Every structure is written in C-alpha cells, then in structure tokens.
Amino acid sequence: VQLQASGGGSVQAGGSLRLSCAASIRTINTMGWFRQALGKEREFVAAISWNGGSTYYVDSVRGRFTISRDNAKKTMDLQMNSLEPEDTAIYYCARGIKPSYSASAKDYDYWGQGTEVTVSS
C-alpha cells in the first residue's frame, strides 16, 4: 500500500487548507492523520472509520478540522479551517491496522511521506 499526501502550504492564521491522501489500493481500514512539529513527537490529529461513519479528533482541532474519505476514489481528506500557528507541522496520513479507532501511531502500518503546513501569525 502506498499513500501520497498533498495539499500543504503556507497560510496566515485564520486561513484554511485542505490536505488529501491518495491510496494505491482501496482500503476499508481506519485511516488517520498525524502531525509532527519541529522538535516534537508525532501526534494524532484525526481518524475516520472504514465507511466514514465515525470520526475522531484531538481536542485541539475539534471544531476546526474535518476528516472525510471517499473509498471509491481511494482518497481521504482533512479540511483545516481557522488555522493557528500551533498547527504548523508536517502532516502524515496513515492506514490503521485495526478496524477500530486508535490514536496511537503504533496501530498504523502504512504512512504517506508527509506534507508541510506552515501557519504564520
């Protein structure tokens, strides 16, 4: 399985970006987004169940970010609104090992290469 993340860029605080993750094959696993800021550990951002029926967010992005997926197109998106400087990081998409939700990076087996998001104040 190959995952390709795209859509990163530089925006001012309050702006929006939409990240996309394209998979090489169709998957019915849970999918997720993680991010890693400079000098910090990788952290969970959001996850979505195999059919899109359930979504999960870290508290710091809930209400600002929306995760979605289109299994027919083999894509997963992360709409990011009201961006804050604290959202600056490299964002990674990943495929979950378990059918159930997990915020642990250990429960994701395939990772995209990352796309950089920079939010200036």
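Here the structure is a predicted model, which means the values were calculated and not measured. What's counted below: heavy atoms across the whole structure, side chains too, no hydrogens, waters or symmetry copies. For the single chain, residues carry numbers from 1 onward in sequence order.
Here the side chains of N81 and L17 are not in contact, with every heavy-atom distance at 4.5 Å or above. Counting heavy atoms from C-beta on, the side chains of T115 and L19 come closer than 4.5 Å. Under the 4.5 Å side-chain criterion, counting only non-hydrogen atoms from C-beta, Y56 is not in contact with T30. Counting heavy atoms from C-beta outward, L78 and V45 have side chains that approach closer than 4.5 Å. At least one side-chain heavy atom of Y57 sits under 4.5 Å from a side-chain heavy atom of I67.
S68 pairs by the side chain to side chain contact (heavy atoms under 4.5 Å, CB included) definition with R18, D77, not counting sequence neighbours. Not counting sequence neighbours, the partners of Y110 by the side chain to side chain contact (heavy atoms under 4.5 Å, CB included) test are V1, L3, R95.
In this structure, L83 CG and T118 OG1 are separated by 10.5 Å, a value rounded to the nearest 0.5 Å. With values rounded to the nearest 0.5 angstrom, N71 atom CG is found 8.0 Å from N51 atom CG. Separation of atoms CD1 (I28) and OG (S49) is listed at 11.5 Å; rounding is to 0.5 Å. Interatomic distance, T75 OG1 to R26 CZ, rounded to the nearest 0.5 Å: 11.0 Å. With rounding to the nearest 0.5 angstrom, the CG atom of N29 is 11.5 Å from the CG atom of D107.
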Side chain to side chain contact (heavy atoms under 4.5 Å, CB included) between I48 and M76: does it pass, once the steps are laid out? CA-CA 9 Å; I48 187 166; M76 175 181 65; 4.1 Å; yes
Could you walk me through whether M80 and V117 pass the side chain to side chain contact (heavy atoms under 4.5 Å, CB included) check? CA-CA 10 Å; M80 306 187 297; V117 172; 3.8 Å; yes
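Under the 6.0 Å cut-off for aromatic ring centres, Y101 and F44 qualify, their centroids lying closer than that.
With a 6.0 Å radius and a threshold of 12 heavy atoms from other residues, nucleotides or ligands, I25 has its CD1 atom above the threshold. Within a 6.0 Å sphere centred on CD of Q2, other residues, nucleotides and ligands contribute 12 heavy atoms or fewer. Around CD of Q79, the count of heavy atoms belonging to other residues, nucleotides or ligands within 6.0 Å exceeds 12.
Among the candidates F34, Y108, W33, W111, the single residue satisfying the side chain to side chain contact (heavy atoms under 4.5 Å, CB included) test with C93 is W33. Of the listed residues (R35, E116, Q36), just one forms a side-chain hydrogen bond (donor to acceptor under 3.5 Å, both in side chains) with Y91, and that residue is R35.
Heavy atoms only, all atoms of each residue included: A13 and P85 are closest at CB-CD, 4.1 Å.
For R69 and W50, the positive end is not near the middle of the six-membered ring at less than 6.0 Å and at most 45° from its axis.
Linking ILVMFWY residues whenever their side-chain heavy atoms come closer than 4.5 Å, directly or via other members, leaves M31 and I97 in distinct clusters.
Side-chain N or O atoms of S82 include none that pairs as donor or acceptor with a backbone N or O of R64 at under 3.5 Å.
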